[in-house]
Structures are given as structure tokens and as C-alpha cells.
Chemist: 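Here it is, the structure in full.
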2 protein chains.
Amino acid sequence: MEHDTEGRADLYEQLARIGKVIVHPKRIELLDLLCQAERSVEALAAATGLKLTTASAHLQVMRQARLVEIRREKTRVFYRAAGEEVCRFVGALNDLARARLAEVDQILRSIDTGSADTERVSRSELLARIQHGEVVVIDVRPEEEYAAGHIPSARSFPVEHLEARLDELDLNLEVVAYCRGPLCLLAPEAVALLRARGHHARCLEDGLPEWRQAGLPVESGLDSPLPLKPKACPSGEVRRSSRTAGRRR
Amino acid sequence: MEHDTEGRADLYEQLARIGKVIVHPKRIELLDLLCQAERSVEALAAATGLKLTTASAHLQVMRQARLVEIRREKTRVFYRAAGEEVCRFVGALNDLARARLAEVDQILRSIDTGSADTERVSRSELLARIQHGEVVVIDVRPEEEYAAGHIPSARSFPVEHLEARLDELDLNLEVVAYCRGPLCLLAPEAVALLRARGHHARCLEDGLPEWRQAGLPVESGLDSPLPLKPKACPSGEVRRSSRTAGRRR
DNA sequence: ATCATGTTCCATAGATCTATAGAATAAAGT
DNA sequence: ACTTTATTCTATAGATCTATGGAACATGAT
């Protein structure tokens, strides 16, 4: 006599709902973006190169699987990852892919970023050095993602503007760059550039989501403690307070 | 100018290879089984109620994604999960599903197992009590899975035989039952039965895979330290040694 | 060599998924 | 009341996936 045959079939069907989300490359890409910051449908479509209606359709699928949630504001709909478990899951997917799929490593290596990847700074080391003021931490992701959450004391330097703003970085201080995660190449790219210009620079291990998941402090809002450009403080609406440390549920 | 557009698309396509495996309920079921023990195609087809050719096709998909590996023996092919990362991933999937999908909890509850689930024993507590000899640990999964790896000192009591073998369990000792994991209902079922018969019984938190992932000792082979039935020691061929603790790769 | 066994390969019908244009909504503005 | 703006719904053609029977393949056994 089989045990709970009917119940188990249902159960696996439920699990498959989650699989359905990550079976399509674009949906993984969307989920990845949403783990960094919430965005409107329009922004997501633009970021992934999808037609608007197609992006919307993908988002519906993700929503049915409860991996994303929405927030309405005026006529706009903002999507976001539904909880930290989702980001953790995406992280697990990345880890598994790196562990099992040689192709992934190969792709990462094929996009040569010199030796930027070789010696990464650990989170604990960075934390210690931040306290001693020995480093400049730069967040090289797009500005929205920085605004949605960043390492305290980090400054926003989206890679695409890095070169133009090199003079803002002290040549005598080591620079630590971070981005979205281990599979993201923004930080290695930034480090490669910095090194080429004579800076002492390294990447942080992993990215912001992992930092957050480690229970380390995260700050949000666009302002950063800019010692150089005091930049008139913006209207304030974007300046949500820093929620510190672990919300472990 | 977009960054590494081409490389990233490839990357997400690689990640989607993994999604492809868990998009089909039966493949998740197969993967679940393979995280417990290796099995032949025939056995897998039988266990999941699939036609042989269909099961084989599913296994090919899983193999292409590198989530399973094979071992040939005579004319038979044994499939197994390709490394512990795979089991960890399946665990992450289960966790996410439980966290995000109310339906999952509902299904679990709909299959009533009384209050067997309410108070589970933690791994550390069990470990301590095993050392004091205060408990009887029973592995209620099918015997093959017990043979492939079990908690040291646990005895194999597949649920389907539990009732018939109740007299082998001392009424004065607490019984701790475990099975495949948090979504598996074998242990709760066993505990419900035991309680109905006057035993003091509880479930272990999670199942064997989680125990193993916690780096706790795992023993394999069919023999168990049976204090009651000394049972002439079998020919030895099934008696692989116990590999202890964490193989962290 | 020949046969038996267990598995994979092949072809295919039916089901499901994807991208997309255009219509329909819904919430603000005017 | 209209008009905008942002998004979702609808319909659909084309692509991909699934289950399955039967053929084809290996590997042992006789």
C-alpha cells in the first residue's frame, strides 16, 4: 500500500511552481535584478531587453509562484523579491551552478578581468578595515541598487562612470569594490580599471545580497558620507533610514 | 554601452539548465529520492510510478544538467545525486517552498498526523541523548535508504513494517523517528502510530540529508547495532565502513 | 555465437510555453 | 468627462516539452 500518494504528488507540483520561474533565463535575470532592488515593469523590461508585454508576462509567472510581490504607486507597479528567502534561493542556485557546471566558470573566465578575481577581501576583513578607515569602499552597481541598500560608508560609483570620476579616489588608500554577487562582473571590471590606473584595488567576496544575508549592516538611500563633494542634501524623500543587521525571521 | 551582454545571457542560460530539472514534479521527486540513495532506473521508475522509458528520459534531462551521475554495474545503471551541493539545493527549494507557498503547509497539514509534528527533537539534543543511551532512534525510510546512510545507532524500521515489529521497541525508552526531510511524512506517520500504542515518541527535526549536511556522523550498510536480535552478521559485502562527519569539498 | 536483461534512442501525437501585437483597465492629470 | 500613462489581458502562431511504444544497443550469461 502506497503512502500518501495523492498528497505527495500535489506537493511536488507546488515545488515545481518554483522551478517554473527559473526555467527561463530571462526570469532568472529578472529575479536577480529584483534581489538587488525593486523596479517598475518598464525599468525591468529595459534592463533585460524584453518587450514590455513580454516582461509583464514573465513577471506574472513569477508572481504566481509567489517569488515576487508588487507595490503600486500612482499608475506604476513596482516589483520586488518576496522576502529574503528568495534571494537566498537565487544564491543557492548560483552556488550550485558554479559547483556543478564547468561551463559557468568557463564563461566567467572567458570575460577576462585580469587577476581582479584572484584575491578577494572577506567580509570580516572589510568590516574591520572600514572601522580603521583604511579603505574606500565603492559600490559599482547602478545607482538605484545602491539606493535600495548598500554597505555603510560605501560610495556609489557605477562602473560606467568610474573612469570619469577616478580623480575622486585617493591613490594612497586601497579601494574595495563590490557588486551584485559572485557571478556579477561589475566589481572585477572596476578593479581591473583601477589597477590599470595605479590604484591598489580588490573585490569583495560575493556581493551585497550575501553581505545582507550574513546579517551585516545595510544602509539605504542615495546619500553617502561624501567627504569630497558635500553635494547639497537632496529633498529627503529618498533618504530612508538604515536598518541594521539581521532580520532573521 | 551595455556590459558583457553576450556573456551574461549565456550565464543565465546555464542557470536555467538547473531550473529545467525542477520544472517537472516528477523530476523533483526523482531528485529527492536520489538525495537519499542511489537507485537503478528500474527502481526509480517503480518508485515514482513512471513508465521505464519516461523515467529514463527524465533522468537524461537531469544528467545533462549535471545534477545526477551514473554508475554502471553489470547491465544496470545506478543514478545518484551529483554531490552534496545538489542535496543542499533541493533543501533550499523545500525551504523556499515552505516559506513562500502557503499551499505547501496546507498540504502537509491536510495529511493529518496528529500532533506528531509539534515538538520535534533537535539534532544536537538527539546527539546528546544517544550518547547517554536514553533513546531508541529509528529510521523509518525504506531499507535501501537506510543502507545508503543512516544515523549511527539508528535501527531500520520502514514504516510499512513498523506495526508488525512494535514488540521490538522497549515501551520505557523514548523513540525518535526520522525520515527524508521536513516535507517527508514518514516519521510523523510512524510517531502517530507509536503514540497510539502507548509509546513516548517524537520526530527528529528535518531528515537524514540535513543531518549529514550539518556535518554529523553518518553510517552506512545494512547492519545495525541490534541489542535484541543479534542476527548472525551478514556476509560482509553490504557492510561498508562509516564515513564520519563532513566532507566539505 | 546466441540469448537475456536493462537501458537508451527514435519518432510522434498531444500538451504546454513564449513572444508579441493590439485591446482593455485603472489611476492620475487636465 | 476626456486624455495620459503604465500595466495587464487576449488571442495566436511558432517553438518546446512530455509520454510512450517499439527499435536499437550494450553487457553478461549460456
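The chains referred to below are lettered A, B, ... by the order of the sequence lines, with proteins before strands, and numbering in each begins at 1. These numbers come from the heavy atoms of this one structure, side chains and all, not from hydrogens, waters or symmetry mates.
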Chemist: Establish, for the pair B:R72 and B:F78, whether the NZ or CZ atom is under 6.0 angstrom from the six-membered ring centre and no further than 45 degrees off its axis.
Modeler: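 No, cation not above the ring by the 6.0 Å, 45° rule.
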
Chemist: Show me the donor-acceptor pairs, under 3.5 Å and distance only, between side chains in residues 43-54 of chain B and residues at least two apart or in other chains.
Modeler:
{"unit_1": "B:T48", "atom_1": "OG1", "unit_2": "B:L44", "atom_2": "O", "d": "2.8"}
{"unit_1": "B:T48", "atom_1": "OG1", "unit_2": "B:A45", "atom_2": "O", "d": "3.4"}

Chemist: When you measure from the side chain of B:T53, which nucleotide among D:dA19, D:dT7, D:dG21 comes out closest?
Modeler: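 Selected nucleotide (nearest to the side chain): D:dG21.
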
Chemist: Looking for any heavy atom pair under 4.0 Å, which part of the strands does A:L50 touch: base, sugar-phosphate only, or nothing?
Modeler: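 If one applies the 4.0 Å heavy-atom cut-off, A:L50 turns out to touch nothing in the nucleic acid.
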
Chemist: Per the ring pair (Phe, Tyr, Trp, His ring centres under 6.0 Å) rule, what does the pair list look like for residues 17-58 of chain B, sequence neighbours excluded?
Modeler: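 Counting only pairs at least two positions apart or across chains, the ring pair (Phe, Tyr, Trp, His ring centres under 6.0 Å) contacts touching residues 17-58 of chain B are B:H24-B:H58.
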
Chemist: How long is the line joining CD1 of A:I22 and C1' of C:dC17, in whole Å?
Modeler: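 Going from A:I22 (CD1) to C:dC17 (C1'), I get 16 Å.
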
Chemist: Would you please name every residue forming a side chain to side chain donor-acceptor pair (under 3.5 Å) with A:E29, sequence neighbours left out?
Modeler: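 A:E29: no side chain to side chain donor-acceptor pair (under 3.5 Å) contacts found.
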
Chemist: Quick one: salt bridge (Lys or Arg N to Asp or Glu O under 4.0 Å) partners of B:D105, sequence neighbours excluded?
Modeler: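 None.
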
Chemist: Look at B:T54 and D:dT18 and indicate whether a side-chain polar atom (N or O) is within less than 4.0 Å of OP1 or OP2.
Modeler: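 False: B:T54 side-chain N/O out of range (4.0 Å or more) of D:dT18 OP1/OP2.
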
Chemist: Among residues at least two apart in sequence or on other chains, which ones pass ring pair (Phe, Tyr, Trp, His ring centres under 6.0 Å) with A:F89?
Modeler: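 Once residues adjacent in sequence are excluded, the partners of A:F89 under the ring pair (Phe, Tyr, Trp, His ring centres under 6.0 Å) criterion are B:F89.
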
Chemist: Taking atom C1' of C:dC17 as reference, at what distance in whole Å does atom CD of A:Q60 sit?
Modeler: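 That distance rounds to 15 Å.
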
Chemist: Under 4.0 Å between any heavy atoms, over every strand shown, what does B:Y79 touch: base, sugar-phosphate, or nothing? Just pick one.
Modeler: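 The residue B:Y79 makes sugar-phosphate contact but no base contact.
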
Chemist: How close or far is atom P of D:dG22 from atom CG of B:L52, stated in whole angstroms?
Modeler: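 The answer, rounded to whole Å, is 14 Å.
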
Chemist: Quickly work out the A:K51 NZ to D:dA6 C1' distance and round it to whole Å.
Modeler: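 Checked: the NZ to C1' distance equals 18 Å.
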
Chemist: For residues 59-66 of chain B, please give each side-chain donor-acceptor pair under 3.5 Å, one per line with the distance, not counting sequence neighbours.
Modeler:
{"unit_1": "B:Q60", "atom_1": "NE2", "unit_2": "B:Y79", "atom_2": "OH", "d": "3.2"}
{"unit_1": "B:R66", "atom_1": "NH2", "unit_2": "A:E103", "atom_2": "OE2", "d": "2.9"}

Chemist: CG of B:L59 versus P of D:dT18: gap in Å, rounded?
Modeler: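 It works out to 13 Å between those atoms.
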
Chemist: Go through D:dT8, D:dA6, C:dG6 for me and flag the one nearest to the B:R76 side chain.
Modeler: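 For B:R76, the side-chain atoms sit closest to C:dG6.
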
Chemist: Nucleotide by nucleotide, 5' to 3', does protein get under 4.0 Å of the base (B), only the sugar-phosphate (S), or neither (-) in nucleotides 24-30 of chain D, counting heavy atoms?
Modeler: ---BSS-

Chemist: Side chains of A:Q106 and A:R109: donor-acceptor distance under 3.5 Å anywhere?
Modeler: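 Note: A:Q106 and A:R109 side chains miss the donor-acceptor criterion.
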
Chemist: With respect to the phosphate group of D:dA19, does any side-chain polar atom (N or O) of B:H58 fall under 4.0 Å of OP1 or OP2?
Modeler: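 It does, given that an N or O in the side chain of B:H58 lies less than 4.0 Å from OP1 or OP2 of D:dA19.
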
Chemist: B:F78 has an atom CZ; how far is it from atom P of C:dG6, in whole Å?
Modeler: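 So the two atoms are 11 Å apart, to the nearest Å.
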
Chemist: What integer distance in Å separates A:K20:NZ from D:dT16:C1'?
Modeler: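 In whole Å, D:dT16 C1' lies 14 Å from A:K20 NZ.
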
Chemist: At a heavy-atom distance below 4.0 Å, what parts of residues 23-42 of chain A sit against DNA chain C?
Modeler: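 Heavy-atom cutoff 4.0 Å gives A:H24, A:R27.
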
Chemist: Could I get the full list of salt bridge (Lys or Arg N to Asp or Glu O under 4.0 Å) partners for A:E144, not counting sequence neighbours?
Modeler: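 If we apply the salt bridge (Lys or Arg N to Asp or Glu O under 4.0 Å) test to A:E144, skipping adjacent residues, the hits are A:R39.
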
Chemist: Starting from C1' on C:dG6, measure out to CZ on B:R71 and report it in whole angstrom.
Modeler: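 Going from B:R71 (CZ) to C:dG6 (C1'), I get 15 Å.
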
